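Any value given below was found using the heavy atoms of this structure, including those in side chains, with hydrogens, waters and symmetry copies removed. On a predicted model such as this, the values are computed, not experimentally measured, just so you know. Residue numbers start from 1 in every chain, and the chains themselves are labelled A, B, ... in the order their sequence lines are given, proteins ahead of strands.
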Amino acid sequence: MFVAATAAVLMTMLLVLVRALKGPTVYDRILAVNSFGTLTMVLIAVYGFLSGRPEFLDIALVYALINFIGTIAVSKFVKFGGHEPKVSHTDQGDI
Amino acid sequence: MAVLFDIISWALLLGGSALMLIGGIGLYRLPDVYTRMHGAGIIDTLGAGMVFAGLMVQAGLTLVTVKLGLIVVFLFFTSPTTTHALARAAQAEGVLPLLDDKGEDDVDLSQYGMDGVDLTEEPDKSKT
Amino acid sequence: MLHTISLGSTLFALWLLLSGYLEMWLLALGLGSTALMVIIANRMDVIDHEGHPVHMTWRLTMYLPWLAWELVKSNIDIARVILHPKLPIQPMVIKIKGSQVTELGYVTYANSITLTPGTVTLALENGEMEIHALTTASAEGLLTGEMDARVHIVEGAADGTVKGAG
């Protein structure tokens, strides 16, 4: 049963990867990479159960954190396009 | 009893896998960034959530279940944040959402005392 | 002070759950790292009712099961739309106004909207939200205002526990 879940995750990863490669805008790519990160997390967890080593979950937890920070950072970088913000500060928060 | 738990966990795992596949198909099929976010939302919420729930049933009452629960909670808190950050970044760059004119007429917004947004106007290019 | 204690105990409980060690020396190390985190959070000035909303805990436990059920329903709806050969989507952007009084309430509402597939919050300013909806059905589901009313209860403004900050 874990094998079926693993196969499904891998197939989804393939679809998401196609979207990341095709684009067309940079935001499609970021979105696809974010989904790819979530899928990697699921894959690590399921593979841990498949091989009978649930310790893999710690790695999945850390991966979730890195995926979150990474997506936010890339979104901000693309939006502000470099080191200093070009957009004047508004009240809408910073993310 | 063990068989019952196995069946529940298999159903959850298979359902979650199917939903993730559907989300992936949505990410591939849908026409623009904003609509694709809904496809990614399926993967992030119920797809991953159901798979983790299936693993939880499989693990029983152990520390592993707690860790799986932590991952799910974390995922449910961060997924909207990333989606919103991405949507705002795309909007700031002036990526316009694809709109369906026919759809606007289907739902009568005035009955709720609200108006649709006019997105035909040009985005403010001076900001970007 | 209450928030500091609750943050510290939450962090230490998290440390215990993730490590699983119960030896004296390692417990001391865990306590040390917890204390360091509390000091850093204190310096960052994030220990308040927004960074650590203890007062919402009880009402959240009532709200989350309802949200989970909404999630399941909208997931199935969107999955059906995606698998449909003709792809019957009617993407639209609508503007709605939340009835919340605190910023925390608005953020809870916006996050709940984004979490449900079919609706994504694009912008939130002065209580006005721009929502991107995938189908007419998901937009209509939002416009009934049930989620709005429930988040209004969660933030504690309905029974006067929390006053609006203006």
Is [X] close to chain A through its backbone or its side chain, or both, or neither, when contacts mean heavy atoms under 4.5 Å?
X: B:L27; value: both
X: B:V51; value: side chain
X: B:L75; value: side chain

- Message: To the closest 0.5 Å, what do you measure between NE2 (B:H38) and OG1 (B:T83)?
- Response: 10.0 Å
So which of [options] has the largest heavy-atom pair count under 4.5 angstrom toward chain A?
options: B:I22, B:D6, B:D44, B:L86; value: B:L86
options: B:T78, B:L63, B:L70; value: B:T78
options: B:M37, B:R36, B:K67; value: B:R36

- Message: Is the ring pair B:F74/A:F68 parallel, tilted or perpendicular, if the boundaries are 30 and 60 degrees?
- Response: perpendicular
- Item | Shortest non-hydrogen contact between B:L19 and B:M50, atoms and distance | CD1-SD, 3.8 Å
- Return the minimal non-hydrogen interatomic distance between A:T38 and B:A48, and the atom names on each side. CG2-CB, 4.4 Å
Heavy-atom proximity to chain B below 4.5 Å, by part of [X]:
X: A:V46; result: both
X: A:Y27; result: both
X: A:V18; result: side chain
X: A:L39; result: side chain
X: A:N34; result: side chain

- May I ask you to name which of A:T25, A:N67, A:L57, A:V74 has the most heavy-atom pairs under 4.5 Å with chain B? A:L57
Are there more than 12 heavy atoms of other residues, nucleotides or ligands under 6.0 Å from atom [atom1] of [X]?
X: A:L21; atom1: CG; result: yes
X: A:M13; atom1: CE; result: yes
X: A:F2; atom1: CZ; result: yes

- Query: For A:F56, which of A:I44, A:L43, A:L61, A:L50 qualifies under side-chain contact (heavy atoms from CB on, under 4.5 Å)?
  - Reply: A:I44
